[in-house]
There are 2 protein chains.
Amino acid sequence: MKPSSAVGGPKFRREAPELRRDELIAATLACLKKHGHDGVSVRRISAEAGVSMGLITHHFSGIDALLAEAYEALAMRLLTQNSEHAFAAGADPYERLHRYFTGSFTPEAIDPAVFRIWLVFWSLVPHSKTMRAVRERTYGRARATLERLLAGLPNAQGLRVEAAAIGLSALMDGLWVELSLNPRSFDAATAVALCDDWVQALASGSLRGLRVQSPVTARRHARIVAP
Amino acid sequence: MKPSSAVGGPKFRREAPELRRDELIAATLACLKKHGHDGVSVRRISAEAGVSMGLITHHFSGIDALLAEAYEALAMRLLTQNSEHAFAAGADPYERLHRYFTGSFTPEAIDPAVFRIWLVFWSLVPHSKTMRAVRERTYGRARATLERLLAGLPNAQGLRVEAAAIGLSALMDGLWVELSLNPRSFDAATAVALCDDWVQALASGSLRGLRVQSPVTARRHARIVAP
DNA sequence: GGTCTTATTATGCGAGCGCATAATAACGCC
DNA sequence: GGCGTTATTATGCGCTCGCATAATAAGACC
């Protein structure tokens with residue numbers, strides 16, 4: 001019973017555009033979470049939001065624009081809450097990184113349903129310049145956050161922090177993908193431990209290619225282009 | 001002009017079921033490569049194979065079965081060719097692993113179009129028990145291959161090889177995902193170097209949680225359940 | 001309280017989808 | 001060379017899709 005229960009009541013609410021846009025974005029994420037790719041549908045999303053189809057084309061230039069905004073909303077939400085969680089910890093760089101890891105492998109973070117949302121967005125990246133731009137931005141932010149965290153390590157000045165962020169980011173993503181596809185393949189604590197160990201190895205200089213000015217570095221590591 | 005050029009020639013070829021099945025599997029992969037999720041369509045796949053729709057339901061129990069077989073075919077092909085490439089190298093464990101890495105980050109391996117195939121398959125995993133089984137099997141094989149390669153390291157008896165395979169597999173996958181989404185974010189050589197460095201750190205015992213019997217190991221690393 | 005803006009709904013159109021069912025013809029077999 | 005098996009095609013049905021267009025009404029403003 002969506003319409004107002006009062007018989008003569010208004011048949012719909014007229015909301016501020018920005019509010020309605022947020023509702024539609026939330027409905028989009030809910031829809032992708034429920035139905036995966038089949039959730040990419042004007043009809044489904046509008047039904048999820050409890051409004052009629054036309055509202056989507058009214059508030060957005062099209063479904064693509066709505067998807068891009070949903071992508072950005074989800075990515076930014078996760079990024080900020082994770083980094084806040086990490087930086088809220090004390091000044092100990094290892095502890096901060098550890099917090100970042102634990103926050104990245106919580107049960108909610110490795111929810112297979114949430115992973116399916118990402119799969120949808122990723123699959124749209126090659127087609128849409130907008131989606132690509134969102135991904136570049138969010139990936140860049142994730143790497144920047146890791147760089148900041150890694151820069152706090154005792155011997156950070158002797159480390160190629162940008163390259164290290166690439167590696168650590170990949171390690172985390174790989175663990176996250178695997179856990180999302182099969183939460184039973186290994187424990188979240190294992191994932192956190194693997195990340196902690198990697199940081200430890202980095203800090204101790206055991207990841208040779210990630211040390212600055214290493215003669216072997218210039219040969220083995222190609223130049224990193226703009227993220 | 002698909003039908004035979006001779007006017008009175010046969011209108012279609014009657015092929016051995018197994019051959020036709022292979023053709024349909026190949027057409028499925030080609031279709032997913034071209035169209036992503038929109039390629040999951042009886043009409044599109046059959047058109048790609050140059051046959052009529054009905055053949056799919058005739059040779060397979062349904063589109064789901066065809067997709068599962070295509071998934072397995074692609075995964076097994078990549079797995080075998082990569083591991084053959086690695087084991088073909090000499091007995092030096094580092095060299096073998098290095099070969100495995102380089103083979104995993106060739107331009108063909110990080111083709112965004114191929115990545116889209118995987119996205120489709122991954123998105124089907126939560127729904128289909130068959131797809132899940134295929135994924136379990138292929139992921140297990142990938143880990144087993146890495147375990148074999150890591151077991152060749154000098155101090156392998158002092159290492160938790162199964163746990164190490166999880167970490168290395170995740171690192172590789174994470175790098176592969178990122179490169180597939182944006183081949184320009186960093187160089188393939190960087191990815192290989194990061195993997196090599198990780199192996200080096202592992203072999204030198206710098207990844208503390210991956211050493212056997214370490215007192216900290218039991219605390220930090222939870223037990224690994226069946227892959 | 002009338003009026004105007006515009007957020008919102010309702011409806012129709014054409015196309016593509018999966019699936020089922022019937023018709024057809026290639027090719028092995030004797 | 002006719003015959004039977006079955007691989008293969010052709011066709012139709014009901015559904016949902018995205019998109020466009022017209023009709024409606026909520027709520028602000030004076």
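On a predicted model such as this, the values are computed, not experimentally measured, just so you know. All chains are named by letter (A, B, ...) in the order of the sequence lines, taking the proteins before the strands, and each is independently numbered beginning at 1.
Interatomic distance, A/Arg77 CZ to A/Leu79 CG, rounded to the nearest 0.5 Å: 11.5 Å. Annotation: the span from B/Ile166 atom CD1 to B/Arg160 atom CZ amounts to 8.5 Å, rounded to 0.5 Å.
Regarding B/Leu19, its CG atom lies at a distance of 15 Å from the C1' atom of C/dC27, rounded to whole Å. At whole-Å resolution of the value, CZ in B/Arg43 and P in C/dC19 are 11 Å apart. Rounded to whole angstrom, the span from the CZ atom of B/Arg21 across to the P atom of D/dT8 amounts to 12 Å. Between A/Leu24 atom CG and C/dT8 atom C1' the separation is 12 Å, expressed in whole Å. Spacing between atom NE2 of B/His37 and atom C1' of C/dC17 amounts to 16 Å, rounded to whole angstrom units. Straight-line distance from the NE2 atom of A/His58 to the P atom of C/dA10: 16 Å, rounded to whole Å. Separating the CG atom of B/Leu66 from the P atom of C/dC19 is a distance of 12 Å, rounded to the nearest angstrom. Separating the CG atom of B/Leu67 from the P atom of C/dG18 is a distance of 10 Å, rounded to the nearest angstrom.
For A/Arg20, counting side-chain heavy atoms from C-beta on, the closest listed nucleotide (C/dT8, C/dT9, C/dC17) is C/dT8. Listed candidates were D/dC19, D/dC17, D/dA7. Nearest to the side chain of A/Ile63 is D/dC19. Of the listed nucleotides (C/dA7, D/dG18, D/dT8), D/dT8 has the atom at the smallest distance from the side chain of B/His59. Of the listed nucleotides (C/dA7, D/dG18, C/dG18), D/dG18 has the atom at the smallest distance from the side chain of A/Ser41.
Here the side chains of B/Asp173 and A/Val177 are not in contact, with every heavy-atom distance at 4.5 Å or above. Contact check for B/Leu74 versus B/Phe121: side-chain heavy atoms found under the 4.5 Å cut-off.
Here A/Arg44 does not reach the OP1 or OP2 of D/dT16: none of its side-chain N or O atoms lies under 4.0 Å away.
Toward the 5' end of DNA chain D, the nearer of the two residues A/Met53 and B/Met53, judged by each one's closest nucleotide, is B/Met53. Nearest-nucleotide positions on DNA chain D for B/Ser52 and A/Asp38 put B/Ser52 closer to the 5' end.
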For this session: May I have the step-by-step check of side-chain contact (heavy atoms from CB on, under 4.5 Å) for B/Trp198 and B/Leu97, ending in yes or no?
Result: CA-CA 11 Å; B/Trp198 191 91; B/Leu97 282 158; over 6 Å; no

